[in-house]
Amino acid sequence: MESNSGANDRIARIAGHLRPQAEGDVCLRRSHCRAKGGAPGFHVAILGAAGGIGQPLAMLMKMNPLVSVLHLYDVVNTPGVTADISHMDSGAVVQGFLGQQQLEDALIGMDLVIIPAGVPRKPGMTRDDLFNINAGIVKTLCEAIAKCCPKAIVNLISNPVNSTVPIAAEVFKRAGTYDPKKLLGVTMLDVVRANTFVAEVLGVDPRDVDVPVVGGHAGITILPLLSQVKPPFSFTPKEIEYLSDRIQNGGTEVVEAKAGAGSATLSMAYAAVKFADACLHALRGDAGIIQCAYVASQVTELPFFASKVRLGRGGVEEILPLGPLNDSEREGLEKAKKELSASIEKGISFIRK
């Protein structure tokens, strides 16, 4: 058994680390320390970092070894979130920025900007109900991006994505900085849900499943291509109906389950980090990075569409074809395009009016 004197010595050593003394018995304060930076990597900004998506997203990005500098911006509560996350013993150096007056400072020098900012969906709300508030937020943030880091890759999460991506594109066009390869609407949550729900039906690990999800990021615009699932599987009509409905309405499932307390935040943060990590690996030069995203596209007659894309150092380097569709998928595609067209026009009109 450890002696009392040995235990006391150990406690004293621990206390010494917790309350270090400098020469002249002056306590070493945090203000006397100098951040030396983290490991080599990319500079990432999260706009809306104090929100329900932003906080877990910031935590997970702090853990990413490809991130060397992480900037957290929001209009409220950023100092607390920054202090909390900055204590994590991973390589990224974290800095917080609060309010409109610090937005530009948050964006200077960024390689990747992730935007979860906006109000969440509540019970009874459609994504269109979010439009008037979130459209203005996205417009303001993208104006600052165009000014401060016009070459950054932008991952746009703010709903309704079907409309906010066209808004961002119009803002960048006005500023003369638009690069369609670097503006990506994040639809990864639809893919994550599809993989999970299909894996439940198949009785396999969802990490072994790949379901392409195309179209958009709301309701019937979310089109899972179950005929192209990997590993290949032939679903019954009843299974297709169940899976398609659940994938399309996964967001509503969470909103209703939370009974007014929020929308999909944790799964969205997970999906956003998964997509951001793919972008960072592509920026690093890794080959074969293919993910679904909502981007400027010629896959259909619509100016924006979600489908599989190959990512590279310049953003979207190739947009892959949809591949063979079965009859039900072709029918779903026509329904998706009709609703998508209206959402896209709504976003464009918001800026052009």
Side-chain angles (χ1 to χ4, degrees), residues 42-49 69 71 73-75 97 99-118 131-187 216-217 275-276 279-280 282-283 285 293-307 309-319 340-353:
F42 296 102
H43 293 201
V44 178
I46 299 175
L47 308 184
V69 173
H71 282 189
Y73 169 83
D74 214 318
V75 293
F97 301 84
Q100 183 71 30
Q101 69 278 8
Q102 294 187 0
L103 174 58
E104 293 186 5
D105 291 337
L107 290 168
I108 293 171
M110 293 297 106
D111 300 303
L112 173 66
V113 179
I114 309 172
I115 310 178
F131 181 82
N132 288 331
I133 297 174
N134 288 356
I137 292 171
V138 168
K139 176 178 180 289
T140 298
L141 297 177
C142 288
E143 286 171 344
I145 292 169
K147 180 179 179 181
C148 301
C149 55
K151 295 184 179 181
I153 290 178
V154 177
N155 288 179
L156 187 49
I157 299 168
S158 306
N159 272 320
V161 168
N162 293 352
S163 298
T164 56
V165 170
I167 286 172
E170 291 300 311
V171 170
F172 294 148
K173 286 177 185 177
R174 280 191 173 186
T177 64
Y178 181 49
D179 183 348
K181 296 179 179 181
K182 294 187 175 182
L183 175 60
L184 300 95
V186 180
T187 60
H217 184 55
F275 187 74
C279 290
L280 293 176
L283 279 171
Y294 182 67
V295 298
S297 172
Q298 294 181 337
V299 166
T300 70
E301 65 275 19
L302 299 175
F304 297 92
F305 195 80
S307 62
V309 301
R310 181 171 59 82
L311 301 172
R313 283 197 170 103
V316 177
E317 295 196 343
E318 182 184 8
I319 299 175
L340 258 179
S341 179
S343 298
I344 292 167
E345 181 56 36
K346 189 173 185 178
I348 293 172
S349 297
F350 178 80
I351 299 297
R352 293 184 178 178
K353 66 183 178 182

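Reckoned from all heavy atoms, side chains included, excluding hydrogens, waters and symmetry mates.
The distance from the CG atom of Leu47 to the CD1 atom of Ile145 is 5.5 Å, given to the nearest 0.5 Å. Rounding to the nearest 0.5 Å places CD1 of Ile167 at 11.5 Å from CG of Leu183. One finds the CZ atom of Arg313 at 14.5 Å from the NZ atom of Lys181 (value rounded to the nearest 0.5 Å). Remark: Ile153 CD1 to Lys182 NZ distance equals 6.5 Å, nearest 0.5 Å. Distance check: Ile46 CD1 to His71 NE2 gives 11.5 Å after rounding to the nearest 0.5 Å. The structure places CZ of Phe172 at 10.0 Å from CG of Asp179, a figure rounded to the nearest 0.5 Å.
Shown here for Asn155 and Ala276, the closest heavy-atom pair between the two residues is OD1-CA, 3.7 Å. Across all their heavy atoms, Pro150 and Cys148 have their closest contact at CD-C, 3.6 Å. Heavy-atom minimum distance, Gly185 versus Val165: CA-CG2, 3.6 Å. What you find for Gln102 and Phe97 is that their closest heavy atoms are OE1-CA, 3.2 Å. The minimum heavy-atom distance linking Ile319 with Val295 is given by the pair CD1-CG2, 4.0 Å. Residue Leu184 comes nearest to Ala293 through the heavy atom pair CD2-CB, 4.2 Å, listed as atom of the first residue, atom of the second, then distance.
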Side-chain donor/acceptor pairs under 3.5 Å, residues 104-118, sequence neighbours excluded:
residue, atom, partner, partner atom, Å
Glu104, OE1, Lys147, NZ, 3.4
Glu104, OE2, Lys147, NZ, 3.0
Asp111, OD2, His43, N, 2.8

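Between the side chain of Ser163 and the backbone N or O of Ser343 there is at least one donor-acceptor pair closer than 3.5 Å. Although no hydrogens or angles enter the test, the distance criterion places a donor-acceptor pair under 3.5 Å between the side chain of Tyr294 and the main chain of Asn162. When atom types are taken as modelled, the side chain of Ser158 and the backbone of Val138 share no donor-acceptor pair closer than 3.5 angstrom. Not one N or O on the side chain of Lys139 forms a donor-acceptor pair closer than 3.5 Å with the backbone of Val171.
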Inset, instruction - Would you check, one step at a time, whether the test side chain to side chain contact (heavy atoms under 4.5 Å, CB included) holds for Val186 with Val161? - result: CA-CA 8 Å; Val186 180; Val161 168; over 6 Å; no
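By the side-chain contact (heavy atoms from CB on, under 4.5 Å) test, Thr300 pairs with Leu302, Phe305, Lys337, sequence neighbours left out. Annotation: side-chain contact (heavy atoms from CB on, under 4.5 Å) contacts of Pro180 (sequence neighbours excluded): Tyr178, Ala296.
Heavy-atom neighbours of Gln298 CD from other residues, nucleotides or ligands within 6.0 Å: at or below the threshold of 12.
Counting heavy atoms from C-beta on, the side chains of Ile351 and Lys173 never come closer than 4.5 Å.
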